[in-house]
Engineer: 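Handing you a structure now.
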Amino acid sequence: MQATRLTLICHARTVAQKQARFSLDEPLDVDWLAPRRGIGKHYPSVRQLLCAPELRARQTAALFGPEPRLVQALADCDLGRWRGLSIDALHQDEPAAVQAWLDDPDAAPHGGESVADVCRRVGDWLTGLQARPGHVLAVTHPFVIRAALVHAMGCPAAFNRIDIEPLSAVELRFNGVWRLRTQGPGQETSP
């Protein structure tokens with residue numbers, strides 16, 4: 001049986017990330033992106049290109065191929081009234097709410113989606129991919145990639161201990177069980 005190979009790509013950097021703010025549906029930081037435009041050539045064997053519906057994900061997906069399929073399960077965490085706010089301002093104005101959100105995966109003091117909600121949504125999506133062999137490349141957000149990793153590795157407490165950089169890639173493979181697969185130099189295109 002052929003394995004399901006899932007490459008998760010984090011969207012390219014936005015100005016909100018540069019300014020340590022929670023994202024709105026903003027475009028990519030084109031100055032940061034300019035020297036990295038050739039990244040898509042490293043993934044010629046992609047069977048299917050998926051992406052989150054937000055503008056930053058769609059713009060990043062365009063680097064990997066035309067006409068990616070939008071998948072709602074890959075959408076960023078809905079941070080409710082915290083969207084667009086700086087993390088420093090939230091720590092100053094709502095320290096108890098921020099701490100509750102960091103400590104309790106079911107907390108959603110912002111009125112949006114909890115970390116546990118994101119993890120369930122992404123876990124359900126991964127379960128649906130298990131029966132679809134071949135290489136899938138999905139462009140999405142740090143929250144979604146973190147949720148996929150904690151689901152695959154069975155360690156939900158690690159969610160807030162994972163950092164995902166812009167344009168970074170994480171590969172998961174399913175052949176009876178999800179496995180994290182690291183890649184060495186020059187192995188980006190291996191099947």
Engineer: Rounded at 0.5 Å granularity, tell me how far NE2 in His151 sits from CG in Leu126.
Structural biologist: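 Separation between the atoms: 5.0 Å.
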
Engineer: Return the CD1 to CD1 distance between Ile9 and Ile145, rounded to the nearest 0.5 Å.
Structural biologist: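 One finds 7.5 Å between CD1 of Ile9 and CD1 of Ile145.
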
Engineer: Taking the side chain as C-beta and beyond, is there a heavy-atom pair between Cys51 and Phe64 under 4.5 Å?
Structural biologist: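 Heavy-atom side-chain distance check fails, nothing below 4.5 Å.
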
Engineer: Within the structure provided, determine whether Leu102 and Val98 are in side-chain contact (heavy-atom separation under 4.5 Å).
Structural biologist: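 Result yes, sub-4.5 Å side-chain heavy-atom pair found.
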
Engineer: If I take atom CH2 from residue Trp178 and atom CG from residue Leu6, how far apart are they, to the nearest 0.5 angstrom?
Structural biologist: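 Reported value, rounded in 0.5 Å steps: 5.0 Å.
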
Engineer: To the nearest 0.5 Å, how far apart are CD in Glu54 and CG in Leu24?
Structural biologist: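 CG of Leu24 is found 11.0 Å from CD of Glu54.
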
Engineer: Stepwise, does the side-chain contact (heavy atoms from CB on, under 4.5 Å) test hold for Trp125 with Val144?
Structural biologist: CA-CA 11 Å; Trp125 176 73; Val144 173; 5.9 Å; no

Engineer: Please check if the side chain of Asn175 supplies one atom and the backbone of Ala3 the other of a donor-acceptor pair under 3.5 Å.
Structural biologist: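 Not at all, since once roles are kept as given, no pair shorter than 3.5 Å links the two residues.
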
Engineer: Which pair of heavy atoms, one from Ala52 and one from His141, lies closest together, and at what distance?
Structural biologist: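 Shortest heavy-atom contact: CB-NE2, 3.4 Å.
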
Engineer: Begin with the C-alpha distance, continue with both residues' side-chain angles, and end with the deciding distance and a verdict on side-chain contact (heavy atoms from CB on, under 4.5 Å) for Val177 and Arg179.
Structural biologist: CA-CA 6 Å; Val177 65; Arg179 296 183 183 277; 3.9 Å; yes

Engineer: Which heavy-atom pair separates Ala61 from Leu49 by the least distance, and what is that distance?
Structural biologist: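 Closest pair (atom of Ala61, atom of Leu49, distance): O-CD2, 3.7 Å.
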
Engineer: For a quick test of reading the model, state the closest non-hydrogen atom pair linking Ser86 to Ala89 and the distance between them.
Structural biologist: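 Scanning both residues completely, I find the closest heavy atoms to be OG-N, 2.9 Å.
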
Engineer: Going through the distances and angles, do Cys77 and Val115 end up as a side-chain contact (heavy atoms from CB on, under 4.5 Å)?
Structural biologist: CA-CA 8 Å; Cys77 180; Val115 168; 5.8 Å; no

Engineer: Considering only heavy atoms from C-beta outward, does the side chain of Asp163 approach that of Arg146 to under 4.5 Å?
Structural biologist: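 Counting from C-beta outward, Asp163 and Arg146 never come under 4.5 Å.
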
Engineer: Would you say Leu85 ends up clustered with Val15 if hydrophobic residues are merged whenever their side chains have heavy atoms under 4.5 Å apart, either directly or through other cluster members?
Structural biologist: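 Hydrophobic grouping puts Val15 apart from Leu85.
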
Engineer: For Gln17 and His11, run side-chain contact (heavy atoms from CB on, under 4.5 Å): C-alpha distance rounded to whole Å, both residues' side-chain angles, the deciding distance at 0.1 Å, then the answer.
Structural biologist: CA-CA 11 Å; Gln17 285 175 307; His11 65 75; 3.5 Å; yes

Engineer: Show every salt bridge (Lys or Arg N to Asp or Glu O under 4.0 Å) that has at least one partner inside residues 83-96, sequence neighbours left out.
Structural biologist: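 Those involving residues 83-96 are Asp78-Arg83, Arg81-Glu94.
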
Engineer: Are the side chains of Val122 and Phe143 in touch, meaning some heavy atoms are under 4.5 Å apart?
Structural biologist: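 No, their side chains stay 4.5 Å or more apart.
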
Engineer: Counting C-beta onward and ignoring hydrogens, is there a side-chain heavy-atom pair between Phe159 and Cys119 closer than 4.5 Å?
Structural biologist: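 Yes. Closest side-chain heavy atoms under 4.5 Å.
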
Engineer: Taking the side chain as everything from C-beta on, heavy atoms only, tell me whether Met153 gets closer than 4.5 Å to Leu180.
Structural biologist: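 They are in contact (side-chain heavy atoms under 4.5 Å apart), so the answer is yes.
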
Engineer: Minimum heavy-atom separation for Thr7 to Ala169, with atom names?
Structural biologist: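 What the structure gives for the nearest pair is CG2-CB, 4.3 Å.
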
Engineer: Out of curiosity, His110 NE2 to Phe22 CZ, how far, rounded to the nearest 0.5 Å?
Structural biologist: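 Answer for the NE2-CZ pair, His110 versus Phe22, is 7.5 Å.
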
Engineer: For the pair Arg13 and Glu165, find out whether any cationic side-chain nitrogen is under 4.0 Å from an anionic carboxylate oxygen.
Structural biologist: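 A salt bridge is absent here (no side-chain N lies under 4.0 Å from a carboxylate O).
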
Engineer: Can you give me the closest heavy-atom contact between Gln59 and Leu28, atom names plus distance?
Structural biologist: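 In terms of heavy atoms, the two residues are closest at OE1-N, 2.8 Å.
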
Engineer: Rounded to the nearest 0.5 Å, what separation is found between the CG atom of Leu33 and the OG1 atom of Thr60?
Structural biologist: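 Spacing of CG (Leu33) from OG1 (Thr60) equals 7.0 Å.
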
Engineer: Looking at side-chain heavy atoms only, is the closest gap between Leu149 and Ile164 below 4.5 Å?
Structural biologist: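 Yes, at least one pair of side-chain atoms sits under 4.5 Å.
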
Engineer: Within the 4.5 Å heavy-atom criterion, are Asp117 and Asp106 side-chain neighbours or not?
Structural biologist: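 Answer no - side chains too far apart.
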
Engineer: Report, one line per pair, each donor and acceptor closer than 3.5 Å where one atom sits in a side chain of residues 66-76; sequence neighbours left out.
Structural biologist:
residue : atom : partner : partner atom : Å
Arg69   : NH2  : Gln48   : OE1          : 3.2
Asp76   : OD2  : Arg56   : NH2          : 2.8

Engineer: Specify the closest pair of heavy atoms between Trp32 and Ala12, including all atoms of both residues, with the distance to one decimal.
Structural biologist: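 In terms of heavy atoms, the two residues are closest at CZ3-CB, 3.7 Å.
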
